[in-house]
Enquirer: 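Right, I'll just put the structure down here and ask away after.
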Amino acid sequence: MSAARDAPPVLIAAPASDAHTWNLIYLQLLVEELGHPTVNLGPCVPDETIVDACLLYRPRLLLLSSVNGHGHQDGMRLITRIRATADLAALPVVIGGKLGISGADPDHADDLRDAGFDAVFPDRPHAVTDFCRFIASLSERVVS
């Protein structure tokens with residue numbers, strides 16, 4: 001097996017309120033194309049299930065995607081649980097997509113970063129490019 005296949009996966013999920021799937025499939029294919037194994041938990045994943053999956057898989061990154069516009073609300077709740085779990089306190093966690101129902105709001109991204117997300121990728125023209133740069137930086141990090 002290659003080193004990439006032996007590496008911890010990138011865990012991909014949509015929060016509990018988001019039933020969209022195409023975004024998760026796109027992200028899975030993109031992350032795999034960039035050389036990282038993935039585990040896709042799918043849409044409508046309860047917070048507890050995401051936390052349990054992080055403890056089980058020990059991913060190198062948790063990637064949350066929101067299309068329904070509740071990314072800010074769901075993300076704030078979930079990152080609080082993740083950062084409160086001792087074994088996950090240092091886990092890199094990112095969120096992207098439609099973070100609010102009223103369109104792009106820079107405060108949402110700031111709030112999410114302040115709450116503990118390592119990166120936030122709001123729905124905007126260069127989000128995919130920015131995300132690819134972030135994923136490329138994973139290869140440079142030492143996995144413990």
Side-chain angles (χ1 to χ4, degrees), residues 2-55 57-85 88-144:
S2 71
R5 290 182 150 229
D6 294 337
V10 172
L11 196 61
I12 300 168
S17 74
D18 201 314
H20 294 87
T21 58
W22 60 265
N23 54 314
L24 302 173
I25 294 166
Y26 172 82
L27 288 168
Q28 178 180 349
L29 293 172
L30 177 62
V31 170
E32 288 173 354
E33 184 176 308
L34 294 171
H36 300 277
T38 62
V39 173
N40 190 336
L41 298 177
C44 297
V45 185
D47 294 355
E48 184 175 328
T49 301
I50 292 173
V51 170
D52 289 346
C54 288
L55 292 169
Y57 289 104
R58 301 293 181 181
R60 68 182 327 161
L61 173 70
L62 172 59
L63 167 57
L64 300 171
S65 179
S66 176
V67 175
N68 70 355
H70 297 286
H72 178 260
Q73 180 181 4
D74 290 336
M76 293 294 282
R77 186 185 64 249
L78 185 54
I79 197 65
T80 300
R81 288 194 69 179
I82 289 168
R83 296 300 179 225
T85 304
L88 303 178
L91 172 67
V93 183
V94 301
I95 190 168
K98 191 172 178 188
L99 303 176
I101 57 172
S102 301
D105 182 342
D107 290 340
H108 286 327
D110 291 342
D111 290 347
L112 290 162
R113 276 189 292 274
D114 290 346
F117 278 93
D118 294 274
V120 179
F121 303 96
D123 185 17
R124 60 181 185 185
H126 299 289
V128 173
T129 303
D130 294 343
F131 176 70
C132 288
R133 283 190 196 116
F134 181 88
I135 290 294
S137 76
L138 289 177
S139 299
E140 301 166 6
R141 297 177 190 188
V142 175
V143 179
S144 56

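Residue indices begin at 1 and follow the sequence shown.
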Enquirer: Taking atom CG of D74 and atom CG of L78, what is their separation to the nearest 0.5 Å?
Expert: 8.0 Å

Enquirer: When rounded to the nearest 0.5 angstrom, what is the spacing between SG in C54 and CG in L41?
Expert: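 Here the rounded value is 8.0 Å.
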
Enquirer: Can you name the nearest heavy-atom pair linking P43 to L24, along with the distance?
Expert: N-CD1, 3.5 Å

Enquirer: For the residue pair S65 and D18, establish whether any side-chain heavy-atom pair is separated by less than 4.5 Å.
Expert: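 No, their side chains stay 4.5 Å or more apart.
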
Enquirer: Is any side-chain heavy atom of L34 less than 4.5 Å from a side-chain heavy atom of C132?
Expert: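 A side-chain contact exists here, since the closest heavy-atom pair is under 4.5 Å.
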
Enquirer: Answer yes or no: is there a side-chain heavy-atom contact under 4.5 Å between L99 and D123?
Expert: no

Enquirer: Could you go through H70 and N68, starting from their C-alpha distance and side-chain angles, then the distance that decides it, and tell me whether this counts as side chain to side chain donor-acceptor pair (under 3.5 Å)?
Expert: CA-CA 6 Å; H70 297 286; N68 70 355; 4.6 Å; no

Enquirer: Please report the interatomic distance CZ(F117) to CG(L112), rounded to the nearest 0.5 Å.
Expert: 5.5 Å

Enquirer: Given side chains that start at C-beta, do those of V10 and R60 come closer than 4.5 Å, heavy atoms only?
Expert: yes

Enquirer: State, to 0.1 Å, how close I95 and G75 come at their nearest heavy-atom pair, and which atoms those are.
Expert: CD1-CA, 3.9 Å

Enquirer: For the atom pair CG (L61) and OG1 (T38), what is the distance rounded to the nearest 0.5 Å?
Expert: 11.5 Å

Enquirer: Does any part of the side chain of V51, heavy atoms only, come nearer than 4.5 Å to the side chain of L88, both counted from C-beta?
Expert: yes

Enquirer: Does a side-chain heavy-atom distance below 4.5 Å link I50 with L64?
Expert: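 Result yes, sub-4.5 Å side-chain heavy-atom pair found.
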
Enquirer: Tell me the closest heavy-atom pair linking V120 and P122, and the distance in Å.
Expert: O-CD, 3.3 Å

Enquirer: In Å and rounded to the nearest 0.5 Å, what is the CG to CZ distance from D130 to R124?
Expert: 5.0 Å

Enquirer: Salt bridge or not between D118 and R83? Use side-chain N to carboxylate O under 4.0 Å.
Expert: yes

Enquirer: Mind telling me whether H72 and H108 have parallel, tilted or perpendicular rings, with 30° and 60° as the class edges?
Expert: tilted

Enquirer: Is the closest side-chain heavy-atom distance between Y26 and V128 below 4.5 Å?
Expert: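 Side-chain contact under 4.5 Å: yes.
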
Enquirer: Any heavy-atom pair between the side chains of F131 and V31 that's under 4.5 Å?
Expert: yes

Enquirer: What distance do T85 atom OG1 and L91 atom CG have between them, rounded to the nearest 0.5 Å?
Expert: 10.0 Å

Enquirer: Taking all non-hydrogen atoms of both residues into account, name the closest pair between S66 and G69 and its distance.
Expert: OG-N, 3.9 Å

Enquirer: Kindly give the heavy-atom pair with the smallest separation between P59 and P8, and that separation in Å.
Expert: C-CB, 4.1 Å

